[in-house]
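Report on the structure given below.
Just so you know, ligand 1 is whichever comes first in the structure, and atom 1 is the first atom listed for that ligand. Please read these numbers as outputs of a predicted model, since none were measured by experiment.
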Amino acid sequence: MKALVEAIQEQGVGVGSNIVKVDMFLNHRLDTKLLTAMGQAFADAFQSPKPDVILTVEASGIAVAVTTAIACGNIPVVFAKKSPTSNVTDAVYETPVYSFTHGQQNHIRVAKPYLQEGANVLIIDDFLANGEAAKGLCELVKQANGNVCGIGVCIEKSFQPGRAILEAFGHRVESLAKIVSINDGELVVEG
Ligand code: 5GP
């Protein structure tokens, strides 16, 4: 997606050899025009089967999940929570997820009433690295007896194995931009 590739080229920063910092438009400051366009791109890509609900994980996936849900016709968004808060009083679907950016294992959870049996669930996230977050979200859908109708990620780091892992489980993966490599802080980006 041209606008996203340009934003990454102009505003993205490579940290070390495998972290991409895009706080200017996606992870801290939110570029609402770009987020709206990304949501439309996901809605265009995932028309069949029609998603009933979008599933993401807090916090950075939420903004693009919402713009996608609006573009899909105002369907609901559910975000998995990373900490067991007192707000989550219902029984939950839960699974461990290894966090690439924090180097630790978290549990993610969704209260059972919010993921319904038989629902077509579109998984949306900001980044795809090793596929752990998306795999964990797929596991929550499985526990709920729903169907994953696709996985959409804004930025795929194609030098990491996330896509191959998710496709091996039979999932359709769409990304809007690919980081091919990071060389001395320079990002090599593909549409
Ligand atoms: P994975 O679970 O695929 O290994 O990593 C994806 C998750 O880790 C995403 O939810 C994202 O928040 C975070 N992540 C992975 N790599 C990056 C990165 O290079 N930059 C940022 N900002 N987040 C990342």
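Applying the 4.0 Å criterion to heavy atoms of Glu132 picks out, from ligand 1, the atoms 1 (P), 2 (O), 3 (O), 4 (O). Close contacts of ligand 1 with Asp125, meaning ligand atoms under 4.0 Å from a residue heavy atom, involve 9 (C), 10 (O). Atom numbering of ligand 1 starts at 1 in the shown order; those under 4.0 Å from a heavy atom of Asn27 are 22 (N).
Here the CG atom belonging to Leu115 is positioned 7.0 Å from the CG atom belonging to Leu140, to the nearest 0.5 angstrom.
Contact analysis leaves Ser60 out of contact with ligand 1, as no non-hydrogen atom separation drops below 4.0 angstrom.
A side chain to side chain contact (heavy atoms under 4.5 Å, CB included) with Pro51 holds for exactly one of Asn147, Ile123, Leu122, Ile124; it is Leu122.
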Start with the C-alpha gap between Glu132 and Phe100, add the side-chain angles, then the distance that decides, and say whether side chain to side chain contact (heavy atoms under 4.5 Å, CB included) holds.
CA-CA 8 Å; Glu132 285 287 316; Phe100 178 77; over 6 Å; no
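One finds no salt bridge joining Glu58 and Lys81 here, because no Lys/Arg side-chain nitrogen approaches an Asp/Glu carboxylate oxygen to under 4.0 Å. Salt-bridge formation is detected for the pair Arg109/Glu94: a Lys NZ or Arg NE/NH1/NH2 atom is positioned less than 4.0 Å from an Asp or Glu carboxylate oxygen.
In this structure, the side chains of His171 and Lys135 stay at 4.5 Å or more apart for every pair of heavy atoms. No side-chain heavy atom of Leu30 sits less than 4.5 Å from a side-chain heavy atom of Phe25. Using a 4.5 Å cut-off on side-chain heavy atoms (C-beta onward), Asp126 and Val153 make no contact.
When only non-hydrogen protein atoms are considered, atom 17 (C) of ligand 1 lies nearest to Lys157 NZ, 3.4 Å. The protein non-hydrogen atom at the shortest distance from atom 24 (C) of ligand 1 is Thr101 CG2, 3.4 Å. Counting protein heavy atoms only, atom 6 (C) of ligand 1 is closest to Phe127 O, 3.4 Å. Among all protein heavy atoms, the one lying closest to atom 4 (O) of ligand 1 is Asn130 N, 2.8 Å. At the top of the distance list for atom 2 (O) of ligand 1, counting protein heavy atoms only, stands Ala133 N, 2.8 Å. Ala129 CB, 3.6 Å is the protein heavy atom nearest to atom 5 (O) of ligand 1. With hydrogens left out, the protein atom closest to atom 11 (C) of ligand 1 is Asp126 OD1, 3.3 Å, a heavy atom. Looking only at protein heavy atoms, the nearest one to atom 20 (N) of ligand 1 is Val20 O, 2.7 Å.
Taking only nitrogen or oxygen atoms, main chain and side chain alike, Leu128 does not reach within less than 3.5 Å of ligand 1. Looking at ligand 1, you won't find any N or O of Phe100 less than 3.5 Å from one of its N or O atoms.
Residue pairs meeting the side chain to side chain donor-acceptor pair (under 3.5 Å) criterion with at least one member in residues 4-23, sequence neighbours excluded: Lys2-Glu6.
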